Each structure stands twice: as C-alpha cells, then as structure tokens.
Amino acid sequence: MREMEKKFYQFPKDFWWGSASSATQMEGGAHEGGKGENIWDHWFKEEPNRFFNGVGPENTSDFYHQYLEDIKLMKELGHNSFRPSISWSRLIPDGDGEVNQEAVDFYRNVFQTMLDNDVEPFVNLYHFDMPIAMQNKGGWTSRDVVNAYVRYATICFEQFGDLVKKWFTHNEPVVPVEGQYLYGFHYPGELDFQKAVQAGFNAVLAGAKAVQAFKADGYEGEIGVILNLTPSYPRSQHPADLKAAHIADLFFNRSFLDPFVKGEFPQDLIELLKEEGFMPIVEEGDLELIKNNTVDLLGINYYQPRRIKAKEHLPNPHAPFMPDRFFDYFNEMHGRKMNPYRGWEIYEKGIYDILVNVRENYGNIPCFISENGMGVENEERFLNENGQIQDDYRIEFYKEHLKWVHKALEEGTNVKGFQCWTFIDNWSWLNAYKNRYGLVSLDLNNNFKRTIKKSGEWYRELSHNNGFED
Ligand code: BGP
C-alpha cells in the first residue's frame with residue numbers, strides 16, 4: 001500500500017502562537033500582596049467540599065512568585081503571545097476603592113518581563129473572578145458594579161497602557177451568567193432566569209463602556225472580547241429541531257456575539273424574552289452606547305459543539321424558567337467522539353464552522369482562536385522513563401483542529417492566531433486539578449515542579465516552523 005501523502009500546513013508570518021490562562025487559575029498568592037477576596041476565595045472558604053479533592057485557589061501554579069521562570073519557559077515553548085488576566089480583587093481589593101500599589105508593581109513587572117522575552121501580553125480584564133465585595137452588591141446584576149468595573153478597566157488602561165496593546169473586556173461572559181444564575185457552578189449558585197438576563201445585559205453594557213473608555217482616552221492598540229462560541233447543531237433538518245437549535249444559539253452564542261461585534265441584540269432573542277416576560281432593565285442611552293462601541297478583535301474559545309433536538313416532552317409550566325424550556329440536548333447521537341474525562345464531545349470541524357460564520361455573518365472581523373485544548377485525568381499514566389508525559393492524544397487534538405483553522409484561513413477568514421489552553425496545568429475552578437490541560441506538567445507533590453510534556457515540544461516546533469506536517 002502506498003503511504004498517504006503528507007501535507008505541510010503553513011500559517012502566515014506573524015501568526016500568534018501562545019496560550020491563555022487566568023489570574024485565579026494560575027497566580028496563587030490568593031491572600032498575599034494586599035489582594036482582596038474574590039468569589040472563588042470566598043466560596044472555597046465556605047464550601048471546600050465543592051472543589052475536586054478539596055483543592056482551592058491558593059494552590060495554583062504559583063505564577064505570583066514564579067512568573068520570571070514561567071515567562072522564560074513560555075518563550076522556550078515558542079510563545080509569541082500569552083493571555084493572562086488581571087485580578088480585579090488584587091488591583092482594587094474591595095472592587096471600587098483604593099488601588100493596591102503592590103498589584104500595580106506586580107502586573108507591570110509581569111508585562112515588562114513578557115515584552116523582554118518577546119511574548120506579547122494579551123490582557124483580559126475579567127475571567128470569572130468577581131471581587132466578593134462587588135458580588136455582595138449584586139455582582140453583574142447591579143448597575144453600580146457595572147460602573148465599578150468600568151472604573152477598574154480605566155485604571156488598568158492608565159496603569160498598563162504603555163505596556164499592553166491588546167485588551168479584552170471579558171473571557172466568556174456567558175459562563176458567569178450560566179454558572180451564577182442558572183446552573184450553580186459559580187458562586188452564588190442561584191437559579192433565577194431574570195437575574196441571568198440582567199447579568200448578561202449588564203456584562204454587555206460593561207464591555208461597551210470599557211471599549212468607550214479605551215477609545216475616548218486614545219490608547220494605542222486594540223480592544224476585543226473573548227467568547228466561547230459553541231455551534232448548535234440540530235439533530236435533523238426537521239423544522240422543530242431547527243427551531244430548537246436556533247434558540248440555543250440565540251441564548252448561548254448570539255446573546256454576546258451580536259452586541260459585541262454588531263452592536264445589537266438579535267431581534268428573535270428580544271422577542272422571545274418579551275414574550276416570556278423576562279426583558280432586562282435597560283436605561284436610556286444604553287442601546288446606543290452598545291451600538292457605538294463594538295470590539296476591534298474577537299477571541300474565540302472552542303472546546304465542543306452543542307447537539308440540540310426539539311423537546312421530547314412538554315416542559316413543566318411550574319418549574320423555574322430555564323433556557324432548556326425550548327430544547328433538549330441530543331446526547332444519544334451515535335458515533336460521537338468524546339473526551340471522557342471532561343465529558344465533552346470532540347468535533348474538530350466545529351472550529352471551522354465558527355470561523356466561516358464569523359467571516360460570512362460578522363463582517364470577517366479580525367479574530368483568533370483564544371482557547372482550545374483537551375483536559376485529561378491521571379496523566380501520570382503517560383510518563384516515560386525520563387519523567388516526561390507522552391501526550392500524543394493532545395498533539396493529535398491540536399493538529400486536527402489546526403487543519404480546520406488552516407482551511408478557514410485559506411478561504412479568507414481573518415484569523416490571526418491560535419492560543420491553546422493552556423501553558424502549564426492549571427487549576428480548573430470546581431474541577432481543581434482533576435483534568436490537566438498543560439503543555440507543561442505541574443507536579444503538585446514535588447514543589448510545583450514544571451516538566452515540558454511531549455506536546456510542549458511539539459508546540460515549540462509548530463511555532464518555530466509556523467506550521468506542521470501531517
Ligand atoms: C474555559 C475557560 C477556562 C478553562 C477552560 C477549560 O471555558 O475560559 O477558564 O477553565 O474552559 O475548562 P475546565 O477548566 O472547566 O475544564
């Protein structure tokens with residue numbers, strides 16, 4: 001049999017290669033350097049049992065102390081960019097009061113060290129980590145908190161704008177809405193659809209106001225948002241399945257994608273909320289502000305698709321209102337490729353479908369893959385005799401996704417980079433260290449020792465060659 005021909009997938013010069021993480025997931029030092037508590041510090045103190053093996057946010061990979069070494073390691077792994085987030089509660093411990101100078105110094109040192117190592121900081125302002133003082137005022141459901149966030153964003157531009165040229169208002173703003181007010185996986189874990197809608201609207205408004213502040217003060221660079229775009233695939237072409245998938249798309253993707261990129265909410269979503277009696281409070285001028293302050297750049301996080309079918313049974317009219325009143329998940333689809341550790345389907349073509357959608361329906365806005373990765377449990381199974389994790393499955397995962405990114409690029413999508421999730425194994429919220437995602441492993445039992453995995457070596461080659469062969 002003839003060997004299959006190999007192809008080299010060449011990416012453009014200056015393509016962004018790197019990874020992303022977030023303050024709460026990597027910094028550690030949760031109670032040091034004058035940091036205030038955020039919802040994670042607070043929740044862990046109250047209910048450590050919620051966290052996998054009882055490991056909380058003070059036990060992360062300790063970037064707070066080890067950033068010099070870690071940034072060198074990023075460079076070694078071929079990173080030309082990396083996305084950390086700023087911890088709002090480190091910079092302004094009570095959310096809307098005094099600025100913590102130690103935090104200013106810390107972040108300035110981090111960003112300067114990144115620049116010195118040719119790793120461009122892509123800085124995210126909000127990654128799931130509401131200061132507890134702000135949550136006690138209602139978090140994203142509160143207008144005061146929106147204003148406090150805009151003040152915080154403005155302080156970040158002032159303090160770090162000379163070093164940082166790429167800003168992001170939020171990471172996955174729909175996730176706190178789901179976690180805090182629908183499904184209970186972020187503090188305070190309430191189930192209240194009205195609050196969910198208000199929190200979502202306020203997050204969009206906060207983002208637009210941050211964009212406005214950034215532009216008004218004439219900072220150099222770009223400001224964007226990071227969204228988890230999860231395509232909703234209908235079970236069939238039956239109109240009931242199509243409608244169900246359309247509604248899921250409205251709730252989970254277009255609720256943020258449309259206002260951030262086009263400056264307006266989808267009409268179908270507004271009608272649905274009106275019909276059901278769940279419109280948020282909108283003040284005069286809000287919609288105009290959202291219209292006039294869209295983002296320059298779109299980060300796309302992609303892990304899994306959403307499979308949707310029409311509801312099998314009539315919803316209980318007395319049950320609390322939830323988005324899945326309109327659809328069911330099509331979990332029984334045959335032949336799905338699954339990541340069993342995270343319970344997420346692996347569907348590589350999804351990344352291409354998103355990129356085509358962004359090209360065709362969102363003005364081909366400059367975009368990049370800002371997260372993509374595979375979390376695996378018990379990776380010690382794959383250690384070789386030299387103590388290196390042989391994570392061929394992860395290399396395969398990246399290659400198969402990158403092939404589709406490459407195809408979208410060839411067809412004209414304005415995709416400028418691929419940052420994976422993530423650099424070093426990090427702390428994953430309630431899952432803590434259950435699943436490992438890193439290009440570098442972290443030995444929790446051995447002083448947080450870092451060891452480059454096989455995928456880390458592969459990623460270095462990928463970046464150095466600006467492409468790969470397969
Ligand atoms: C994204 C988040 C990240 C990260 C990742 C992996 O949604 O932006 O913070 O955690 O998912 O998911 P998890 O950690 O839940 O396995």
Side-chain angles (χ1 to χ4, degrees), residues 18-28 38-40 43-44 50-53 55-57 59-61 63 82-88 122-130 168-180 182-187 189 203 207 224-231 252-253 256-257 298-306 338-346 350-351 354 368-379 391 393-394 397-398 401 418-439 442 455:
S19 61
S21 187
S22 81
T24 309
Q25 292 180 273
M26 69 176 187
E27 281 183 8
N38 66 27
I39 53 176
W40 297 97
W43 214 12
F44 181 66
R50 283 185 184 261
F51 295 77
F52 187 76
N53 283 345
V55 178
N59 274 315
T60 62
S61 54
F63 186 79
F82 175 68
R83 171 167 62 97
S85 70
I86 293 178
S87 159
W88 181 355
F122 283 34
V123 176
N124 171 28
L125 293 168
Y126 188 83
H127 200 125
F128 308 169
D129 55 349
M130 186 60 75
F168 299 90
T169 65
H170 305 259
N171 175 77
E172 304 187 347
V174 75
V175 171
V177 171
E178 297 175 69
Q180 298 191 287
L182 294 175
Y183 309 122
F185 59 91
H186 287 190
Y187 182 85
V225 67
I226 308 283
L227 301 180
N228 50 319
L229 298 178
T230 308
F252 299 115
N253 297 321
F256 288 90
L257 180 60
L298 175 67
I300 298 164
N301 294 354
Y302 176 68
Y303 290 91
Q304 55 164 344
R306 191 177 258 113
M338 293 295 292
N339 168 357
Y341 316 103
R342 190 61 179 82
W344 285 348
E345 182 184 342
I346 299 175
I351 209 165
I354 297 170
F368 68 111
I369 303 303
S370 42
E371 283 185 31
N372 174 236
M374 186 183 182
V376 172
E377 211 169 339
N378 296 326
E379 277 203 317
D391 51 347
Y393 42 87
R394 183 167 288 113
F397 181 97
Y398 285 137
H401 283 86
F418 181 90
Q419 295 181 337
C420 68
W421 188 271
T422 181
F423 167 56
I424 295 184
D425 290 340
N426 66 15
W427 182 85
S428 275
W429 317 109
L430 298 185
N431 272 337
Y433 279 104
K434 176 175 172 288
N435 301 315
R436 305 304 185 96
Y437 282 89
L439 299 172
L442 183 74
S455 62

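Numbering of ligands and ligand atoms starts at 1, following listing order. Keep in mind that what you see is a predicted model, and the values were worked out from it rather than measured.
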Notebook entry, point to check: Testing F397, W344, W421 for ring-ring contact (aromatic ring centres under 6.0 Å, His included) with Y303, which one passes?
Noted result: W344
Next item on the list: For H127, take its heavy atoms, then give the atoms of ligand 1 lying under 4.0 Å from any of them.
Entry: 2 (C), 3 (C), 8 (O), 9 (O)
Notebook entry, point to check: With sequence neighbours excluded, what pairs up with F368 under the ring pair (Phe, Tyr, Trp, His ring centres under 6.0 Å) test?
Noted result: W16, F122, F168
Notebook entry, point to check: Which is it for R306 and N253 under the side chain to side chain donor-acceptor pair (under 3.5 Å) test, yes or no, and what are the steps along the way?
Noted result: CA-CA 11 Å; R306 191 177 258 113; N253 297 321; 4.5 Å; no
Item checked: Contact partition for W427 relative to ligand 1, non-hydrogen atoms under 4.0 Å -> neither
Check: Just wondering, do V175 and F128 contact through their side chains at under 4.5 Å, heavy atoms?
Finding: yes
Notebook entry, point to check: Among all protein non-hydrogen atoms, which one is nearest to atom 15 (O) of ligand 1, and what is the separation to 0.1 Å?
Noted result: R342 NH2, 2.8 Å
Next item on the list: Select one of side chain, backbone, both or neither to describe which atoms of V175 lie under 4.0 Å from any atom of ligand 1, heavy atoms only.
Entry: neither
Margin query: To check your reading of the model: name the closest protein heavy atom to atom 2 (C) of ligand 1, its residue, and the distance in Å.
Written below: E371 OE1, 3.5 Å
Check: Are E379 and Y393 close enough that a side-chain donor and a side-chain acceptor fall under 3.5 Å?
Finding: yes
Checklist line | Numbering as shown, the atoms of ligand 1 that approach W429 to under 4.0 Å (heavy-atom distance) | finding: 9 (O), 10 (O)
Check: Is the side chain of R436 donor-acceptor paired with the backbone N or O of L442 at a distance under 3.5 Å, no angle test?
Finding: yes
Checklist line | Name of the residue among N171, I354, L229, T230 meeting side chain to side chain contact (heavy atoms under 4.5 Å, CB included) with N301 | finding: N171
Checklist line | From Y303, F185, W421 - option closest to atom 11 (O) of ligand 1 by heavy atom | finding: Y303
Next item on the list: For N171, take its heavy atoms, then give the atoms of ligand 1 lying under 4.0 Å from any of them.
Entry: 8 (O)
Checklist line | Protein contact of atom 14 (O) of ligand 1 - nearest heavy atom, named by residue and atom, plus distance | finding: S428 OG, 2.6 Å
Notebook entry, point to check: What protein heavy atom is closest to atom 7 (O) of ligand 1, reported as residue, atom name and distance in Å?
Noted result: E172 OE1, 2.6 Å
Check: Among protein heavy atoms, which lies nearest atom 12 (O) of ligand 1, and at what distance?
Finding: Y437 OH, 3.4 Å
Item checked: Donor-acceptor pair, side chain of D425 and main chain of G438, under 3.5 angstrom -> yes
Next item on the list: Say whether, by atom type as modelled, one donor and one acceptor occur between the side chain of W427 and the main chain of V55 under 3.5 angstrom.
Entry: yes
Next item on the list: Output yes when the distance from some N or O of ligand 1 to some N or O of N435 is under 3.5 Å, and no in every other case.
Entry: no
Check: Do any N/O atoms on W344 end up under 3.5 angstrom from N/O atoms on ligand 1?
Finding: no
